[in-house]
Amino acid sequence: MYEERPALLDGAVLWTRTAGPATDDVRPVLPDGCMDLIWADGHLLVAGPDTRAYVPGESAARYAGIRFAPGDAPGFLGVPAHELRDRRVALGALWGEAEARRLGERITEAPDPAAALDELVRLRAAEAPAPDPLLRAVVARLAAGRAVAETAEAVGIGARQLHRRSLDAFGYGPKTLARVLRLQRALALVLAGVPYAEAAVRAGCVDQAHLARETRALAGMTLGAYVASVASVAEPAAASAASASANSETPLPSGSRTTA
């Protein structure tokens with residue numbers, strides 16, 4: 001069972017997952033522009049920024065994670081995001097094995113590991129560099145569907161500088177971040193019951209075929225398969241609503257995630 005709520009750290013999300021007896025409730029984690037610090041049965045690891053769907057293969061029974069807002073994790077971790085792109089890395093590789101083991105044991109021994117992780121991140125973040133307001137402005141504009149060139153001009157930096165800073169903050173350039181955020185907007189609309197063609201245009205795609213190609217490229221599946229994967233692990237009522245709202249996707253050939 002998966003649950004999430006706002007974390008103590010501004011802009012972050014605290015999530016938990018308890019694995020069931022079966023493995024068919026696992027669905028791909030799609031690119032979302034974020035990075036996570038994860039506690040998995042006593043071990044701490046970092047999920048870097050994804051450019052493609054990630055299918056969880058770990059065997060832990062209990063998970064708790066902090067999903068940082070886009071661009072916030074590198075300052076907290078002390079590592080540029082591009083070094084962790086499409087990777088899952090033990091925290092010990094970044095902070096040292098002894099420190100990671102000590103923190104992992106503290107969280108594991110707590111009555112509520114998720115709350116302990118939440119508090120740990122809040123305290124550590126107070127000692128780390130504050131999030132860059134310029135990068136948050138970049139995320140806000142791209143999330144709203146603004147063009148990359150327009151965003152660079154609006155925040156007062158050149159395109160090359162924006163690209164360099166994006167690699168360190170998000171793990172990839174601003175164009176990839178814009179694609180990831182656009183896909184997240186579209187999928188949210190689809191799951192809310194908006195027809196595929198309308199969701200595509202409202203999210204910023206040219207048309208439904210464009211969204212279909214982006215879904216295959218970033219999520220590794222069709223829109224219909226994604227909706228089905230969500231429905232398969234949702235509550236029965238939510239699953240029924242998601243299935244009822246799904247349209248047929250135009251079958252076209254294809255032309256990066258935290259759970260969408």
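Under a cutoff of 6.0 Å and an axis angle of 45°, Arg85 and Tyr172 do not form a cation-pi pair.
A single hydrophobic cluster is seen to contain both Ile157 and Val139, as judged by linkage of ILVMFWY side chains at heavy-atom distances under 4.5 Å, directly or through other members. Two different hydrophobic clusters hold Leu167 and Leu84 under the rule that ILVMFWY side chains link at heavy-atom gaps under 4.5 Å. Under the 4.5 Å side-chain heavy-atom criterion for grouping Ile, Leu, Val, Met, Phe, Trp and Tyr, Val89 is connected to Leu91 within one hydrophobic cluster. Note on Val155: it clusters hydrophobically with Phe170, by side-chain heavy-atom contacts below 4.5 Å among ILVMFWY residues. Hydrophobic cluster membership differs between Leu8 and Val13, with clusters built from Ile, Leu, Val, Met, Phe, Trp and Tyr side chains linked at under 4.5 angstrom.
Taking every heavy atom of both residues into account, Arg185 and Ala144 meet most closely at NH1-N, 4.4 Å. Here the closest non-hydrogen pair linking Pro113 and Arg62 is CG-NH1, 4.0 Å. The two residues Ala169 and Pro74 have their closest heavy-atom pair at O-CG, 3.4 Å. Shortest non-hydrogen contact noted between Met35 and Ala73 is CB-CB, 3.7 Å. Pro49 and Gly171 make their closest contact through CG-CA, 3.8 Å (heavy atoms, listed as atom of the first residue, atom of the second, distance). Arg67 approaches Cys34 most closely through the heavy-atom pair CG-CB, 3.6 Å.
Annotation: side-chain hydrogen bond (donor to acceptor under 3.5 Å, both in side chains) contacts involving residues 89-103, sequence neighbours excluded, comprise Glu99-Arg102, Glu99-Arg124. Among pairs with a residue in residues 157-166, those fulfilling side-chain hydrogen bond (donor to acceptor under 3.5 Å, both in side chains) read Asp132-Arg165, at least two apart in sequence or across chains.
Between Val190 and Tyr226 the shortest side-chain heavy-atom distance does not fall below 4.5 Å. Within the 4.5 Å cutoff, side-chain heavy atoms of His82 are placed close to those of Asp168. With contacts defined as side-chain heavy-atom distances shorter than 4.5 Å, the pair Val121/Phe68 qualifies. Taking the side chain as every heavy atom from C-beta outward, Ile66 and Trp39 never approach each other to under 4.5 Å. The side-chain heavy atoms of Arg216 and Met221, taken from C-beta on, include no pair separated by under 4.5 Å.
With values rounded to the nearest 0.5 angstrom, Gln184 atom CD is found 11.5 Å from Leu189 atom CG. Rounding to the nearest 0.5 Å places CG of Leu9 at 11.0 Å from CG of Leu14. Of the inter-residue distances, the one linking Thr18 atom OG1 with Tyr2 atom OH reads 12.0 Å to the nearest 0.5 angstrom. In this structure, Arg141 CZ and Leu181 CG are separated by 14.0 Å, a value rounded to the nearest 0.5 Å. Annotation: the span from Leu218 atom CG to Thr51 atom OG1 amounts to 8.0 Å, rounded to 0.5 Å. With rounding to the nearest 0.5 angstrom, the CG atom of Leu142 is 7.5 Å from the CG atom of Leu162.
Between the Asp41 side chain and the Ala61 main chain, a donor and an acceptor come within less than 3.5 Å of each other.
Between Glu3 and Arg17, no side-chain nitrogen of the basic residue sits less than 4.0 Å from a carboxylate oxygen of the acidic one, so the salt-bridge criterion is not met. A salt bridge does not link Asp36 to Arg88: none of the charged nitrogens lies less than 4.0 Å from a carboxylate oxygen.
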Quiz item: side chain to side chain contact (heavy atoms under 4.5 Å, CB included) between Val46 and Ile38: does it pass, once the steps are laid out?
Solution: CA-CA 6 Å; Val46 175; Ile38 302 171; over 6 Å; no

Practice problem: Would you check, one step at a time, whether the test side chain to side chain contact (heavy atoms under 4.5 Å, CB included) holds for Leu44 with Ile107? | Solution: CA-CA 9 Å; Leu44 288 168; Ile107 294 170; 4.0 Å; yes

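Judged purely by distance below 3.5 Å, without hydrogens or angles, the side chains of Tyr196 and Glu198 never pair a donor atom with an acceptor atom.
For the salt bridge (Lys or Arg N to Asp or Glu O under 4.0 Å) test, residues two or more places apart in sequence or in another chain that qualify with Arg122 are Glu119.
Within a 6.0 Å radius of CG in Asp10, no more than 12 heavy atoms belonging to other residues, nucleotides or ligands are found. Heavy atoms from other residues, nucleotides or ligands lying under 6.0 Å from NE2 of His43 number 12 at most.
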